[in-house]
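Data block below; observations after.
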Amino acid sequence: MNLDELNKEQKEAVLTTNGPILVLAGAGSGKTKVLTTKIAYLIEEKGISPFNILAITFTNKAAREMKDRLVRLVGNKADYSQISTFHSFGVRILRENAEILGYTKTFSIVDADDSETLVKRILKEMDLDPKYYNPKNIRNKISSSKNDMVSSTEYDKYAFGEFEKVVSEVYKRYETKLKKSDAVDFDDLLLLPIKLFKEHPDILDKYQEKYKYILIDEYQDTNDAQYTLSKMISYKYKNICCVGDNDQSIYGFRGANYKNILNFEKDYKNAKVIKLEQNYRSTSTILDAANDVISHNKERKEKNLWSTKGTGEKITYYKAYNGRDEAFFAIREIKNLIKKGVPKEEIAIIYRTHAQSRIFEEELLRENIPYNIVGGTGFYNRKEIKDILAYLKLINNDKDDISLNRIINVPKRGIGAKTVSNIADKSNDLNISMYEAITTGKEYEFKKLIEDLKEASQSRTITELIDYVLDKTGIEQEYKNEKSIESEVRLENLDEFRTVAKSFEERDGIVSLSDFLQEIGLSTDVAVSDNKEAINLMTVHSVKGLEFDYVFIVGLEEGLFPHMNALEKGSITELEEERRLCYVALTRAREKLYLLNAKVRVKFGDETTNAVSRFIEEINPDLLDKAFKEEPSITVSEVKKINKEDVLREEGEVEYNVGDNVFHQVFGKGKVLEVNGSILSIAFPHPYGIKKLMKNHKSLNKI
DNA sequence: CGGCAATGTGTTTTT
DNA sequence: CACATTGCCG
């Protein structure tokens, strides 16, 4: 095997196959390359069976990427290694040992939405006002307790205040209901394997023998449960290779503890520590900017990341007037890049929150530029998809009260809230599932329908079953009758769902319903529709581990990036996580970075003025090339004042007529082209062009 | 029970 | 703004 492409440290990381090793790898220092080469080396040179290798990543996207790269190195053998996220690894263990833990093999997985719905139902049962006891908040508390491995019984011991007592009771009921439904949540996928291993050392031993070689990517993002799990599996042979970078720790919100990476040497005696400090990815301009930003974090180990790639182009910084202008600028630049021959897949737009994607999507659609979008108001969050999934889940596991509740009256079949709550009461009293509790009435018709679907599922493939369900339940007919654009889209989505199921079947041969449900239960995006030759849109969290030649980071404003919630709490920890997030974003680019923000942004329906992100101000101005006319910049404290004032005139409305000359605070002199109610179209000199503005806006005056 | 209108409420990030 | 929840009426 040819290792000539690796530098000295990378080579050492690959060749050290036995014993614990920690690779502290700066951004772009080739850590994925080290991991994939190392797996290939184990298989090809050390004769290790691919079955004995476990590689863990943090997102589905990263797992897919790693698998693809490994296939390129060793061919289809790669399929025999377990390369997945912690959660899908957990599903596998659970599937193989379900009965021992008191579940069946066809257990359901509830996602974050379902689990919030469950919390709401419990609050209703307890007669508590969800306005005071916020369901989302309570769900988060339960989830983070689980991630810290605090059980409901333990939580109760330390629940003192009135609110915490309630959380404790909800937590207890939540666990009972899940168990009764033969269902697990995302956190259980980590906790139950740990429980299994604690209670059954013989089973743990089996897995330790199976997974003799363990590799974990993004180790700085492990939470307590993941940390414990990886320690357990690797305990016997200690052939564990963890790769990470504390400057890229961005999952604090879900309990990640970057100290795990610092404790590695304590946990594994005589661990070898290797530092990768040469960056192969980015130009020095990009790297300098990233270093400028991250150096403002106090809680960090100094690191010396260097590049030999040359200076490259300056970073383009564009301060837009509003979100639309920001998108215009980005798309105009992207069109130029494409014209110059840059492949579309080498361009990415990255943002802090999903909500920002829409305006870029609109402009890309308008310009006919193909794009992929990762995550977001995902496919699996659409109503019609959740409905068909709930049917499939109930067919697969009739104890699944969560799914039953969702679809017992979808499409409408005259079963109202009262009936449902009667069924729920009965099921609680007799300690049976809601499905079992149904014996009479219209709901019995529903039960007969499900019985028929179950019967049908025995002799059908998933795709055939989906068609059968859509037909028998009347879901498809309902949308067909509706004949609106909305219902057309829903029908298209259902078609897409068929395609997803089909590609599963084609990949794995015949798939069992529970395998199918358990696998897609963990995916937030539709991997199948990822097309090449398209530009990429995603959040900073999803972009980690990826790289592109041209990267546009948008929405660099105080309140958005860094996000308001981190600022409001005034906690340094959270601000520093935002900064690491920015570091991750900046270091994705190989050739050129574009930093964008908007002065005015629509939020909750009305306009707010944002100050420039502190992260831009932390970058040495010599690295920036400003693509806008300089005007007095707004400081953070000034914006606080502006936001309190109303930007619109309250009285003395000004009348505008076509041809009027106006002056705008930002765009300067202009001429009114069109008056349409309270909206004016005004021509401004280059580079602003024609803008639509509100006639009562304070920034606009008649001259 | 279902439909509609009024009212309220909220947006980080992922598995 | 967009969506969820509540309240009222047929």
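Below, chains carry the letters A, B, ... as their sequence lines are ordered, and counting in each starts from 1. When reading the values below, keep in mind they use all heavy atoms of this one structure, side chains included, and skip hydrogens, waters and symmetry mates.
- Within the 4.0 angstrom heavy-atom criterion, only backbone atoms of the sugar-phosphate kind lie near A/S542; the bases stay farther away.
- Rounded to whole Å, the distance from NZ on A/K131 to P on C/dA4 is 16 Å.
- Counting any heavy atom pair closer than 4.0 Å across all strands shown, A/A417 reaches sugar-phosphate atoms only and no base atom.
- The nearest whole Å value for the distance from the CD1 atom in A/I359 to the P atom in C/dA2 is 12 Å.
- A cation-pi geometry, defined here as NZ or CZ lying under 6.0 Å from the six-membered ring centre and within 45° of its normal, does not hold between A/K120 and A/Y133.
- Neither OP1 nor OP2 of B/dT12 sits under 4.0 Å from any side-chain N or O of A/T539.
- Nearest heavy-atom pair, A/D221 versus A/I250, reported as atom, atom and distance to 0.1 Å: OD1-N, 3.1 Å.
- Residue whose closest nucleotide on DNA chain B sits further toward the 5' end, between A/K418 and A/T85: A/K418.
- Going from atom CG of A/D187 over to atom P of B/dT15 covers 13 Å, rounded to whole Å.
- At the heavy-atom level, A/Y251 lies under 4.0 Å from the strands shown only through sugar-phosphate atoms.
- Residue A/K120 is in sugar-phosphate contact alone, with no base atom involved, counting any heavy-atom pair closer than 4.0 Å across all strands shown.
- The nearest whole Å value for the distance from the CG atom in A/N610 to the P atom in B/dT12 is 16 Å.
- Nearest-nucleotide assignment on DNA chain B puts the 5′-proximal partner with A/G414, out of A/G414 and A/F86.
- Rounded to whole angstrom, the span from the CZ atom of A/R382 across to the C1' atom of C/dA2 amounts to 15 Å.
- In this structure, the aromatic ring of A/H563 is positioned over the six-membered ring of the base of B/dT12, centres within 5.5 Å and planes within 30°.
- The cationic atom of A/R580 (NZ for Lys, CZ for Arg) lies less than 6.0 Å from the six-membered ring centre of A/Y258 and within 45° of the ring axis.
- A/Y380 has its OH atom 16 Å from the P atom of B/dT14, to the nearest Å.
- Side-chain atoms of A/H87 lie closest to B/dT15 of the nucleotides B/dT12, B/dT14, B/dT15.
- Side-chain atoms of A/T419 lie closest to B/dC1 of the nucleotides B/dT15, B/dC1, B/dT12.
- In this structure, A/N409 reaches the sugar-phosphate backbone alone: every heavy-atom distance under 4.0 Å involves primed, P, OP1 or OP2 atoms, never a base.
- Ion pairing between A/K61 and A/E65 fails under the 4.0 Å rule for side-chain N and carboxylate O.
- No contact: A/K603 has no heavy atom under 4.0 Å from any strand.
- What separates OH of A/Y227 from P of B/dT15 is a distance of 24 Å, to the nearest Å.
- Heavy atoms of A/R358 sit under 4.0 angstrom from primed sugar atoms or phosphate atoms, though from no base atom.
- As judged by a 4.0 angstrom heavy-atom cut-off over every strand, A/K136 is placed among residues touching the sugar-phosphate backbone only.
- The cationic atom of A/R507 (NZ for Lys, CZ for Arg) lies less than 6.0 Å from the six-membered ring centre of A/F504 and within 45° of the ring axis.
- Across all strands shown, A/F561 has no heavy atoms under 4.0 Å from either base or sugar-phosphate atoms.
- Look at CZ on A/F253: it is 11 Å from P on B/dT12, rounded to the nearest Å.
- Phosphate proximity of B/dT14 to A/H354: present, with a side-chain N or O under 4.0 Å from OP1 or OP2.
- Looking at A/K146 and A/E175, a side-chain N of the basic residue comes within less than 4.0 Å of a carboxylate O on the acidic one, giving a salt bridge.
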